[in-house]
Enquirer: 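Next up is a structure, given as structure tokens.
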Amino acid sequence: MSGKSPRGHWSMGLLASMDDPELRVTADDKVVIIKDKYPKAKFHFLVLPREKIASLKRLDSSHLDLLHHIQKKGEEIAERANRELQFRFGYHAVPSMSHLHMHVISQDFNSPCLKTKKHWNSFTTSYFVDSSEIIRQLEKTGKVELSEQQSNEMLKKDLRCHVCKKAFSTMPALKSHIVFHNVTKAAKS
């Protein structure tokens, strides 16, 4: 084991990113919104609470107002970014980065950083939990319960288009296919 403190570990990088002027988009007294360092779509933001909350498991009903605020700020940044694209707002069931963060991600998935099946499945399967579902769980039970084992199985699922559900054997084939949906959608607009 190295002599580095846990704060210096890559999984703690979001705390440093909150203060990075290159990444920061906007902030208020409750949240900081940053651009994802390795975006998986044309628009990919993270909404992070200023309050230090390690993960979804640490949430309780006292955080409901904060989660509603995070959702609202996510919707506002999506609206400012692009009114034509569809966005999703949610959390990874088992995040690789410590510090609670909600993803705001456009559904075009147009990014050179989207390279692996794990990347794809982390945003297109139930591994990606909608913000509204997290809020619903907290309202109902006062906590968030997600099966880590079941969630991790989602990352191993076959590659499928998020629009038409067609299966693909490789990421390049899938990425070539989703361009079709993006072009078709743009033509209809």
Enquirer: For the hydrophobic clusters of this structure (ILVMFWY residues joined by side-chain heavy atoms under 4.5 Å, transitively), does one cluster hold both Leu64 and Val129?
Expert: yes

Enquirer: I'd like to check the side-chain contact (heavy atoms from CB on, under 4.5 Å) partners of Asp28; sequence neighbours left out, ordered by chain and number.
Expert: Lys30, Val31, His69, Lys73

Enquirer: Scan residues 104-114 for pairs that pass side-chain hydrogen bond (donor to acceptor under 3.5 Å, both in side chains), counting only residues two or more places apart or in two chains.
Expert: Ser106-Asp108

Enquirer: Can you check whether Leu146 reaches Leu56 side chain to side chain, under 4.5 Å on heavy atoms?
Expert: yes

Enquirer: Are Gln71 and Glu75 close enough that a side-chain donor and a side-chain acceptor fall under 3.5 Å?
Expert: yes

Enquirer: Other hydrophobic cluster members with Tyr127, side-chain heavy atoms of Ile/Leu/Val/Met/Phe/Trp/Tyr under 4.5 Å, chained?
Expert: Val94, Met154, Leu155

Enquirer: Within the side chain of Thr141, is there an N or O that forms a donor-acceptor pair under 3.5 Å with the backbone of Leu138?
Expert: no

Enquirer: Might you point out which heavy atoms bring Val104 and Ala78 nearest each other, and give the distance in Å?
Expert: CG1-CB, 3.9 Å

Enquirer: Mind checking what makes side-chain contact (heavy atoms from CB on, under 4.5 Å) contact with Arg58, not counting sequence neighbours?
Expert: Ile53, Ala54, Ser55

Enquirer: Nearest 0.5 Å, please: how far is NZ in Lys157 from CG in Asn121?
Expert: 8.0 Å

Enquirer: State which residues pass ring-ring contact (aromatic ring centres under 6.0 Å, His included) with His162; sequence neighbours excluded, sorted by chain then number.
Expert: Phe109, Trp120

Enquirer: Any carboxylate oxygen within less than 4.0 angstrom of a Lys/Arg side-chain nitrogen, looking at Glu76 and Arg80?
Expert: no

Enquirer: Is it possible for you to say whether Leu114 and Val163 belong to one hydrophobic cluster, with membership spreading through side-chain heavy-atom contacts below 4.5 Å?
Expert: no

Enquirer: Could you tell me whether the side chain of Glu145 reaches within less than 4.5 Å of the side chain of Gln137, counting heavy atoms only?
Expert: yes

Enquirer: Should Arg24 and Ile33 count as side-chain neighbours, where that means a heavy-atom distance under 4.5 Å?
Expert: no

Enquirer: Please examine the side chains of Gln150 and Glu153, heavy atoms only from C-beta on, and report whether any two atoms are closer than 4.5 Å.
Expert: no

Enquirer: Is it true that Arg88 and Asp130 have a side-chain N and a carboxylate O under 4.0 angstrom from each other?
Expert: yes

Enquirer: Heavy atoms only: give me the nearest Lys37-Ser17 pair and the separation to one decimal.
Expert: CE-OG, 4.1 Å

Enquirer: Quick one: ring-ring contact (aromatic ring centres under 6.0 Å, His included) partners of Phe123, sequence neighbours excluded?
Expert: His44, His92, His103, Phe128

Enquirer: Taking the side chain as C-beta and beyond, is there a heavy-atom pair between Val25 and Phe45 under 4.5 Å?
Expert: yes

Enquirer: Would you say the side-chain atoms of His181 pair up with the backbone N or O of Ile178, donor to acceptor, closer than 3.5 Å?
Expert: no

